[in-house]
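Report on the structure given below.
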Amino acid sequence: MTATANPLKMNRSAQEKLQPALFYKLKIGAKIPAGTFAMRVLGNDYVEPYVGNTHGAILMGVAESTYDNSNGVAVLTYPNDKPMVFNRGAFDQFKSDGTITFDDVCALVGLKDNATIGHTVAANDCTVELLAIDLRDRSGATVYTIRVAQSGPT
């Protein structure tokens, strides 16, 4: 699978909302599109887009807005009154790498990149709980409802 560089439409279930995680610094050269997973690596004082199988990864949550430091030459510090916000709770916008089945419902599944989940949880993958698989989407796409909690390090 290929990570996305574009914002994902936030599709959040009203079923569950958790207190967001806040962060103030964005990695040099990083862009975190709205509605995608973000991480901090243990020992780093900045966040970046989620990359699967990263040792020491801490899942921050789902980016509320697009945070862009792709042309930056230094770590970008966000002010205390306008921090980066990473939401936790139930979400519907993420896609499967093709390995998710109905047997995975109510189980932890692995994050493969900033917009993809998969059945296999590699040694350094962060996880989310798969709550439901909904085949009713009119576009023909399968909708996966997941519960995102801050987790790590892995």
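- A donor-acceptor contact under 3.5 angstrom links the side chains of Asp92 and Thr145, judged on distance only.
- Distance check: Thr127 OG1 to Arg147 CZ gives 12.0 Å after rounding to the nearest 0.5 Å.
- You'll find the side chain of Leu42 stays beyond 4.5 Å of the side chain of His55, heavy atoms only.
- Closest approach of Val47 to Met60, counting heavy atoms only: CG1-CG, 3.9 Å.
- In plain terms, the two heavy atoms of Thr4 and Ala115 that are nearest each other are CG2-CB, 3.8 Å.
- The side-chain heavy atoms of Ile58 and Val41, taken from C-beta on, include no pair separated by under 4.5 Å.
- Nearest heavy atom pair, residue Ala3 against residue Asn114, reads CB-OD1, 3.5 Å.
- Side-chain contact between Asp113 and Val51: absent, with no pair of heavy atoms (C-beta onward) separated by less than 4.5 Å.
- The two residues Leu108 and Val121 have their closest heavy-atom pair at O-CG2, 4.1 Å.
- At a threshold of 4.5 Å between side-chain heavy atoms, the hydrophobic network of Ile, Leu, Val, Met, Phe, Trp and Tyr places Tyr78 and Val75 in two separate groups.
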Would Ile146 and Phe94 count as a side chain to side chain contact (heavy atoms under 4.5 Å, CB included) if you check the C-alpha gap in whole Å, the side-chain angles of each, and the deciding distance to 0.1 Å?
CA-CA 8 Å; Ile146 59 171; Phe94 301 102; 3.4 Å; yes
Yes or no on side chain to side chain contact (heavy atoms under 4.5 Å, CB included) for Leu111 and Leu59, after CA distance, side-chain angles and deciding distance?
CA-CA 10 Å; Leu111 303 185; Leu59 176 62; 3.7 Å; yes
Please report, to 0.1 Å, the donor-acceptor pairs under 3.5 Å made by any side chain of residues 21-36, with sequence neighbours excluded.
residue: Lys25; atom: NZ; partner: Asp45; partner atom: OD2; Å: 2.9
residue: Lys27; atom: NZ; partner: Glu48; partner atom: OE1; Å: 3.2
residue: Thr36; atom: OG1; partner: Pro33; partner atom: O; Å: 2.6

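- For the 3.5 Å distance criterion, the side chains of Asp68 and Thr66 fail to qualify, holding no donor opposite an acceptor.
- Atom CE of Met84 and atom OG1 of Thr77 lie 8.5 Å apart (nearest 0.5 Å).
- The main-chain N or O of Thr99 is found under 3.5 Å from a side-chain atom of Asp97 such that the two form a donor-acceptor pair.
- A side chain to side chain contact (heavy atoms under 4.5 Å, CB included) with Tyr144 is found for exactly one of Ile133, Val128, Asp134, namely Ile133.
- Aromatic ring pairs are classed by plane angle as parallel below 30°, tilted from 30° to 60° and perpendicular above 60°; the pair Tyr50 and Phe37 is perpendicular.
- Closest approach of Ser96 and Thr116 over heavy atoms only: C-CG2, 3.9 Å.
- Nearest approach of Gly89 to Phe91, heavy atoms of both residues: O-CD1, 3.4 Å.
- Thr54 has its side chain within reach of Met39: a pair of non-hydrogen atoms, C-beta onward, lies under 4.5 Å apart.
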Side chain to side chain contact (heavy atoms under 4.5 Å, CB included) between Thr120 and Lys112: does it pass, once the steps are laid out?
CA-CA 9 Å; Thr120 304; Lys112 302 307 168 187; 4.3 Å; yes
